[in-house]
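This report refers to the structure that appears directly beneath it.
Quick note on labels: first sequence line is chain A, next is B, and so on, each numbered from 1.
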Amino acid sequence: MSVRLFLQIASMEARRRMSYRVDFWINSVAGFAAEFAIVWFLWKAMFAESGAEIIAGFTFEQVLVYYVVAILVGRLVRGTEFEGQPSEDIYAGGLNRYLLFPAPYFGVKYAQGAGALLPALVQAVLFGTVWLLIAGGRGMEDVTLLSGAMAIGALLLANILYYLMAYALHLVAFWADNVWSLLVALRFASGLFGGLMVPLALFPDGLREANSYLPFRSLFALPAETLLGRITPEAWAFGMGVGSAWVLILTVVVRVIWRRGNLQYSGIGI
Amino acid sequence: MTRYFVLYVYFLRFSFSRAMEFRVDFFFRIGMDSLWYATHLIFFWALYRYAPFIGGWNFDQALVFAAGLFVSDAIHMTLFSNNGWMFPILVNKGDLDYYLVRPVSSLFFLSLREFAANSFLNLLLAVGILIWSIARYPGELGAGTITIFGVLLLVGCFINYLMHFLFMMPVFWLHNAAGMRDLFFGFGRFTGRPDGIYKGWVRRILTTILPYAIVVSFPTRALFEDDIAGIALHMGVVAALGFGVLLLVWRAGLRVYASASS
């Protein structure tokens, strides 16, 4: 698939996503406010009731900044995981037209997914700016140009990795009527072990060590910790290596499922 | 009343037979919820490694709270969630007509028509976790207190149902409830944390106008604190007022409902 075609599909999807989305924006703002309020109250209570000034290497300001970054990273990584996805195409028979396209199905869907990220990108810039104005850079003392550049690399890797994980589950629709539960399960597992629910530093050493070899850490914790300058370049390189290895593994898995699924596919739909 | 009971039994039979047609999804759903339970337990366990109390509760109390949350969620998913999901679609397509012409309360029919049989198994699992969390609790919990906790948990589920449908009702005027639905579930995160962490005006809102913080936290507080009557009264008033508001909005909505053109 050519880069030009990829960008054209992504641009078309981005324009579609940015129009008629009043409810989306209300939800985004309210959803972010709710998530942040819960984090703020929860950690305020934890610091107050433990009497500690630092918990798992975080001050109160640092943990708030971590969550703000992780939440925004989460939106950029997950994208619109439940809308216009392969399982719908397979279940409803809409896959037929894509099979006739002179471009690979995965490429077209990933381009659409990339385009659909535009609202999340605007949100990230908007909420990030608002946060900077309110907090004035507290808890972000270690952010540098280099950490920003490394975080962008981690973010791109995280996006393709999450897409592949979700894509593999979507393809189960070749055999099952409804894969929504699998995607929600991925959301739960990635939220906890990816560092969205809690910073991974809260886990005991053994669990943290085991988790560093799983794909989840690369999804949210790696980009967030990298941006905030909380990990060394060596740890970043290790995380990127593990994430890249999982991308390769999942690419193979997805290809196998796609081939087998295609043999099953009737094209009739529901 | 008997008529409603018999009708509900028919709902159950229909829902179970339909669920068994989609067996794979049936098991996927069980796996999904089991994973949700596990992630929540690990979440609280990780937090309590660093703080002896959160929102005034220790780890054992937080476990009971988490288990109460699982039961509350499973009840909502089993009884109300699918119905709340379908409601805006019925209004927009004009299919609400079929509910309005039945010789029973249309709100009853609409709220309980779909019984999620696959979530019912998760309810059994959640109840099992709740029994385990109470049994392992090191303090003394009397049978009477546990019974009150159970009753208040059901009241909390009713309040959650009221909020869900109140969030859906604007579909009569807005014609699109996707945003409101997402808001309901987005704010639902407030339910999953002990109410003791919320302070000030946020706490006042979360225990009155948007009573997410009382759905599970208040029943749990009744289990560990002395002011049971105050907690029960608070929940009772919120439930009664919420039901009154739901009926008012429902009737107002029906007045503007124009069948398929809604």
*Is chain B contacted by the side chain of A:F193, its backbone, both, or neither, given a heavy-atom distance below 4.5 Å?*
side chain
_With a 4.5 angstrom heavy-atom cut-off, is it the side chain or the backbone of A:A52 that approaches chain B, or both, or neither?_
neither
_Within a 6.0 Å radius of atom CZ on B:R136, are there more than 12 heavy atoms belonging to other residues, nucleotides or ligands?_
yes
*Counting distance only, does the side-chain N/O of A:E49 pair as donor-acceptor with the main-chain N or O of B:G56 below 3.5 Å?*
yes
_Is A:W175 in contact with chain B via its backbone, its side chain, both, or neither, using a 4.5 Å heavy-atom distance?_
neither
_If you count heavy atoms of other groups shown closer than 6.0 angstrom to OH of B:Y98, is the number above 12?_
no
*asked:* Just verifying a value: how many Å separate B:F187 CZ and A:E35 CD, rounded to the nearest 0.5 Å?
replied: 11.5 Å
*More than 12 heavy atoms of other residues, nucleotides or ligands under 6.0 Å from CD of A:Q264: is that the case?*
yes
*If you count heavy-atom pairs under 4.5 Å with chain B, which of A:F188, A:W40, A:F203 comes out on top?*
A:F188
*Could you tell me the separation between the CG atom of A:L182 and the CZ atom of B:F28, rounded to the nearest 0.5 Å?*
4.0 Å
*For the residue pair A:M46 and B:Y50, what are the closest heavy atoms and their distance?*
CE-CB, 4.2 Å
*Which heavy atom of A:M197 sits nearest a heavy atom of B:T39, and at what distance?*
CE-O, 4.3 Å
*Should the heavy atoms of other residues, nucleotides or ligands under 6.0 Å from CH2 of B:W201 be counted, would the total exceed 12?*
no
*Considering only heavy atoms from C-beta outward, does the side chain of B:W45 approach that of A:P204 to under 4.5 Å?*
yes
*Do you know which two heavy atoms are closest between B:G55 and A:A45, and how far apart they sit?*
N-CB, 4.2 Å
*Highest number of heavy-atom pairs under 4.5 Å with chain A: which of B:S34, B:A51, B:G196, B:G186?*
B:A51
*Select one option (side chain, backbone, both, neither) describing which atoms of A:A48 are under 4.5 Å from chain B's heavy atoms.*
neither
*Quick one: closest heavy-atom pair of A:L202 and B:R49, and the distance?*
O-NH1, 2.6 Å
*Quick one: CZ on B:R29 to CG on A:N178, what's the gap to the nearest 0.5 Å?*
7.0 Å
*asked:* Restricting to non-hydrogen atoms, name the atom on B:P52 and the atom on A:S50 that form the minimum distance, rounded to 0.1 Å.
replied: CD-CA, 4.0 Å
*Residue pair A:V184, B:W36: steps toward the side chain to side chain contact (heavy atoms under 4.5 Å, CB included) verdict*: CA-CA 9 Å; A:V184 177; B:W36 186 68; over 6 Å; no
*Least distance between heavy atoms, B:L35 atom then A:A185 atom*: CD2-O, 3.1 Å
*Please flag which part of B:R193 lies under 4.5 Å from any non-hydrogen atom of chain A: side chain, backbone, both or neither.*
side chain
*Answer yes or no: does atom CZ of A:R208 have more than 12 heavy-atom neighbours from other residues, nucleotides or ligands under 6.0 Å?*
yes
*Of the backbone (N, CA, C, O) and the side chain (C-beta and beyond), which part of B:I30 lies under 4.5 Å from a heavy atom of chain A, both, or neither?*
neither
_Can you confirm whether B:F44 sits close enough to A:V198 that some side-chain heavy atom of one is under 4.5 Å from a side-chain heavy atom of the other?_
no
*asked:* Once rounded to the nearest 0.5 Å, what's the spacing between atom CD1 of B:I54 and atom CH2 of A:W43?
replied: 8.5 Å
*Do B:M32 and A:W180 touch side chain to side chain, with heavy atoms closer than 4.5 Å?*
yes
